[in-house]
Amino acid sequence: MCALKMRPDEVDLDSALVRRLVAAQFPGWASLPVERLTSSGTENAMFRLGADKVVRLPRHPGAVESVAYELRWLERLGPRLSVAAPVPLARGGPGDGFPWPWSVYGWLDGRNPVAGALERPEALAADLGAFVAGLREVDARGGPPGYRGTPLAERDAPTRSALARLEGRIDVAAVTALWEEALRAPGRTEPPAWAHGDLSPGNVLVADGRLAAVIDFGCVGVGDPAVDLIVAWNLLPASARATFREKVGADDAEWARGRGWALSISLIQLPYYWETNPPLAENSRHVIREILTEAGG
């Protein structure tokens, strides 16, 4: 759990507040214990409620809109996924000085995997590939545009800004060349498809080395699903990437776009969270190292 606030507009959240909110709005759960969970998440704080529930509260104003968004689309997508996803149980409202809506989900067993320390990387790669492929098969008609389902070129300005801030901390010249290579990849010609949008290690749960659940659907949407390939670099080792790619069915152009997404996300995250979110910053450095190594840098 990050000890420092990651944004100037982030609010104070603790177990006592959650107990008061639950007792006032869901009195049937008032006697259940509340425990804050360790998380590198940047949008929501999570608190375990009893043995089989989890409370999620927005950490800052920018995360508020996703409360209703996630509840809506999980109800449609959850039953159609190849692995477990959060099951919405209740939606709370403002109270006791907390100004925003919040949500309660069913508890999902598992733990977050650690890049470089996977028990069964090939099996996990196959499971993740099946999840991504299965999500793409869900009917996308009427689905919301994914903010990460856009052409990679729309990330160019913030990515180059991040590169400028990282001068002296990474090999900016080599990474810039890789970013420009990704921008040259052909765009998607197939119809838009669903993508989770944020397949980071913190949003994956494993048990016995296999994929147990995928959480945090606040970025889910329809567009170019190449963004879901980021897990090939932020979690999977090089030896398991071919298995993941085969399960997804990604061609060369999509694979290049996915690598570009992984690079862009990590470059933008790294200077922003360098001091305030060490786990996220370290994973960003990991992605950059992996992509440089893959390119022979």
Side-chain angles (χ1 to χ4, degrees), residues 2 6-7 39-44 62-63 66 112-116 128 131-132 135 145-166 169-172 174-183 185 187-188 194-204 214-221 223-236 241 244-245 248 250 254-295:
C2 298
M6 291 174 278
R7 292 178 173 84
S39 171
S40 60
T42 62
E43 303 299 299
N44 298 279
S66 68
N112 294 130
V114 177
L128 285 164
F131 166 78
V132 170
L135 179 57
Y147 94 96
R148 284 181 174 172
T150 58
L152 200 58
E154 294 187 14
R155 303 275 295 189
D156 192 36
T159 300
R160 291 185 189 273
S161 176
L163 280 163
R165 296 174 64 190
L166 289 167
R169 291 186 165 186
I170 65 170
D171 187 341
V172 169
V175 173
T176 299
L178 290 172
W179 172 241
E180 291 175 346
E181 179 183 337
L183 289 174
R188 180 176 174 85
W194 283 102
H196 177 275
D198 194 15
L199 275 183
S200 64
N203 291 333
V204 170
V214 175
I215 63 175
D216 196 343
F217 282 71
C219 291
V220 73
D224 180 1
V227 65
D228 278 353
L229 304 184
I230 62 176
V231 74
W233 295 274
N234 69 28
L235 179 58
L236 297 174
R241 285 180 198 138
F244 172 74
R245 179 176 177 177
V248 174
E254 183 178 35
W255 194 248
R257 295 196 306 276
R259 185 167 49 234
W261 271 106
L263 189 60
S264 175
I265 290 170
S266 295
L267 289 170
I268 292 170
Q269 285 180 163
L270 184 53
Y272 192 90
Y273 296 114
W274 194 285
E275 301 292 343
T276 60
N277 193 326
L280 197 56
E282 175 51 37
N283 189 253
S284 297
R285 288 190 289 267
H286 170 83
V287 170
I288 295 166
R289 288 194 301 267
E290 288 293 303
I291 292 176
L292 281 170
T293 299
E294 191 174 73

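If you're wondering where the values come from, they're calculated on a predicted model, not measured in any experiment. Positions are given from 1, in the same order as the sequence printed here.
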Next item on the list: Please step through salt bridge (charged side-chain N to carboxylate O under 4.0 Å, His left out) for the pair Glu254 and Arg245, ending with a clear verdict.
Entry: CA-CA 10 Å; Glu254 183 178 35; Arg245 179 176 177 177; over 6 Å; no

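- The backbone N or O of Pro151 sits nowhere less than 3.5 Å from a side-chain atom of Asp224 that would complete a donor-acceptor pair.
- Closest approach of Pro225 and Trp194 over heavy atoms only: CB-O, 3.7 Å.
- Rounded to the nearest 0.5 angstrom, Leu166 CG and Arg285 CZ are separated by 10.5 Å.
- Note that CG of Leu178 and CG of Leu263 are 6.5 Å apart. Values are rounded to the nearest 0.5 Å.
- A pairwise comparison of heavy atoms in Ala256 and Ala185 identifies CB-CB, 3.7 Å as the closest pair.
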Checklist line | Steps toward side chain to side chain contact (heavy atoms under 4.5 Å, CB included) verdict (Phe244, Leu229) | finding: CA-CA 9 Å; Phe244 172 74; Leu229 304 184; 3.8 Å; yes

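- Relative to the ring axis of Trp274, Arg169 places its NZ or CZ within 45° and under 6.0 Å from the centre.
- In this structure, the side chain of Asn234 engages the main chain of Leu199 through a donor-acceptor pair within 3.5 Å.
- Inter-residue side-chain proximity for Pro201 and Asn283 is flagged as met; some heavy-atom pair is nearer than 4.5 Å.
- Residues Arg259 and Glu290 are not paired through a salt bridge, judged by the lack of any N-O separation under 4.0 Å between the basic side chain and the carboxylate.
- Nearest heavy-atom pair across Ala195 and Val227 is CB-CG1, 4.0 Å.
- To the nearest 0.5 angstrom, Glu294 atom CD is 5.0 Å from Arg241 atom CZ.
- Taking every heavy atom of both residues into account, Gly202 and Ile215 meet most closely at O-CD1, 3.7 Å.
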Checklist line | side chain to side chain contact (heavy atoms under 4.5 Å, CB included) between Gln269 and Asn277, intermediate numbers included | finding: CA-CA 10 Å; Gln269 285 180 163; Asn277 193 326; over 6 Å; no

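- To the nearest 0.5 angstrom, Ile230 atom CD1 is 6.0 Å from Asp198 atom CG.
- His286 and Ala115 get closest at one heavy-atom pair: NE2-CB, 3.6 Å.
- Contact between Ala63 and Ser66 at its shortest, heavy atoms only, is O-OG, 2.8 Å.
- Separation of atoms CG (Asn112) and CG (Asn203) is listed at 8.0 Å; rounding is to 0.5 Å.
- Distance check: Ile170 CD1 to Arg165 CZ gives 12.0 Å after rounding to the nearest 0.5 Å.
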Next item on the list: Apply side chain to side chain contact (heavy atoms under 4.5 Å, CB included) to Leu235 and Leu128, showing your working.
Entry: CA-CA 11 Å; Leu235 179 58; Leu128 285 164; 4.1 Å; yes

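- Ring geometry for Phe217 versus His196: interplanar angle over 60°, hence perpendicular rather than tilted (30 to 60°).
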Side-chain donor/acceptor pairs under 3.5 Å, residues 153-160, sequence neighbours excluded:
residue: Arg155; atom: NE; partner: Ser264; partner atom: OG; Å: 3.0
residue: Arg155; atom: NH2; partner: Ser264; partner atom: OG; Å: 3.3
residue: Asp156; atom: OD1; partner: Arg160; partner atom: NE; Å: 2.8
residue: Asp156; atom: OD1; partner: Trp179; partner atom: NE1; Å: 2.8
residue: Asp156; atom: OD2; partner: Arg160; partner atom: NE; Å: 3.2
residue: Thr159; atom: OG1; partner: Arg155; partner atom: O; Å: 2.7
residue: Thr159; atom: OG1; partner: Ser264; partner atom: OG; Å: 2.7
residue: Arg160; atom: NH1; partner: Glu180; partner atom: OE2; Å: 3.2
residue: Arg160; atom: NH2; partner: Glu180; partner atom: OE2; Å: 3.3

